[in-house]
Amino acid sequence: MSETKLDERRLEKFKMMLGMGNMEVVDCVGKGGGIVVFWRRGIDVVLRSKSKNHIDMEVLETGGSRWRFTGVYGEARSELKYKTWELLEELKQQHVSGVPWLCAGDFNEILFHHEKEGGVPRAQSCIDHFKM
């Protein structure tokens, strides 16, 4: 899960190149943003919600088991990061007990200072919010 910087038309070509049967897209805005989740034919997926920062879906496997996948593209600007954490908290409130939940993507944040190369060091408070 990462920023695509592409619209659905261009991602359709990419889906074909990868041999994937399905996708859910949030189009880019201008030259930035955009996210996509691809999955193979034969996998039953139900879209729960999506926004410029997430795609939330339920996966129904053959045999009846189900699980939840949420792909996240976090706010890049420090002053807007709180929106990512609020989104995740809102999605957590919608979680059904007993259903496994995989939440993955590009959170645009680090857990430890040594993960960052160059630029302005991350504020410890930002790292601490991500750890919660």
Measure the spacing between CG of Leu47 and CG of Asp56 and express it to the nearest 0.5 Å. 8.0 Å
Any side-chain heavy-atom pair of Asn53 and Val72 under 4.5 Å: no
So CG of Leu6 and CD1 of Ile35: to nearest 0.5 Å the spacing works out to 13.0 Å
Any donor-acceptor pair under 3.5 Å linking the side-chain atoms of Thr70 with those of His54? no
Closest heavy-atom pair and its distance - Ile127, Leu111: CG2-O, 3.0 Å
From OH (Tyr73) to OG1 (Thr84), nearest 0.5 Å: 9.5 Å
Point-to-point distance, once rounded to the nearest 0.5 Å, from NE2 of His95 to CH2 of Trp101: 7.0 Å
Taking every heavy atom of Lys116 against every heavy atom of Arg122, the minimum-distance pair comes out as CD-CG, 3.6 Å
Heavy-atom nearest pair, Phe112 first then Ile110, reads O-CD1, 3.3 Å
If the threshold is 4.0 Å, N to carboxylate O, is there a salt bridge linking Glu79 and Arg77? yes
Go through the side-chain N and O atoms of Trp39 and Glu24 and say whether any donor and acceptor fall under 3.5 Å apart. no
Measuring from Leu11:CG to Leu18:CG, what's the distance to the nearest 0.5 Å? 10.0 Å
Do Val45 and Glu58 make a side-chain contact, defined as non-hydrogen atoms from C-beta onward lying under 4.5 Å apart? no
Within the structure provided, determine whether Arg66 and Val59 are in side-chain contact (heavy-atom separation under 4.5 Å). no
Please report the C-alpha distance between Ser65 and Leu60 in whole Å, then the side-chain angles of each, then the deciding distance to 0.1 Å, and finally whether the side-chain contact (heavy atoms from CB on, under 4.5 Å) criterion is met. CA-CA 6 Å; Ser65 62; Leu60 307 168; over 6 Å; no
Is there a continuous path of hydrophobic side-chain contacts, each under 4.5 Å between heavy atoms, that joins Leu102 to Leu87? no
Can we say Lys13 and Glu8 salt-bridge, meaning some charged N sits less than 4.0 Å from an Asp/Glu carboxylate O? no
What are the two closest non-hydrogen atoms of Gly74 and Asn108, and how far apart are they? O-ND2, 2.8 Å
Mind checking whether Arg48 and Arg68 have side chains closer than 4.5 Å, heavy atoms only? yes
Heavy-atom distance under 4.5 Å between the side chains of Met57 and Lys50, does that happen here? no
Val29 backbone acceptor or donor facing Lys52 side chain under 3.5 Å: no
To the nearest 0.5 Å, what is the distance between OG (Ser51) and CD (Glu90)? 9.0 Å
Hey, does the side chain of Lys5 reach the backbone of Gly32 with a donor-acceptor pair shorter than 3.5 angstrom? no
Side chains of Gln124 and His113: is there a donor and an acceptor less than 3.5 Å apart? yes
I'd like to know if Val36 and Met16 are part of one continuous hydrophobic network [Ile/Leu/Val/Met/Phe/Trp/Tyr, side-chain heavy atoms within less than 4.5 Å]. no
When you compare the side chain of Leu88 with that of Cys103, does any pair of heavy atoms fall below 4.5 Å? yes
Which atom of Cys28 lies closest to which atom of Gly33, heavy atoms considered: CB-O, 3.4 Å
Given 3.5 Å as the limit, does a donor-acceptor pair link the side chain of Arg40 with the main chain of Gly19, or not? no
In terms of the angle between their ring planes, are Trp67 and Phe69 parallel, tilted or perpendicular, with boundaries placed at 30° and 60°? perpendicular
Between Lys15 and Glu12, is the salt bridge (Lys or Arg N to Asp or Glu O under 4.0 Å) condition met? List the steps. CA-CA 5 Å; Lys15 179 183 86 172; Glu12 188 69 42; 2.8 Å; yes
Aromatic plane relationship, Trp85 with Phe107 - under 30° parallel, 30 to 60° tilted, over 60° perpendicular: parallel
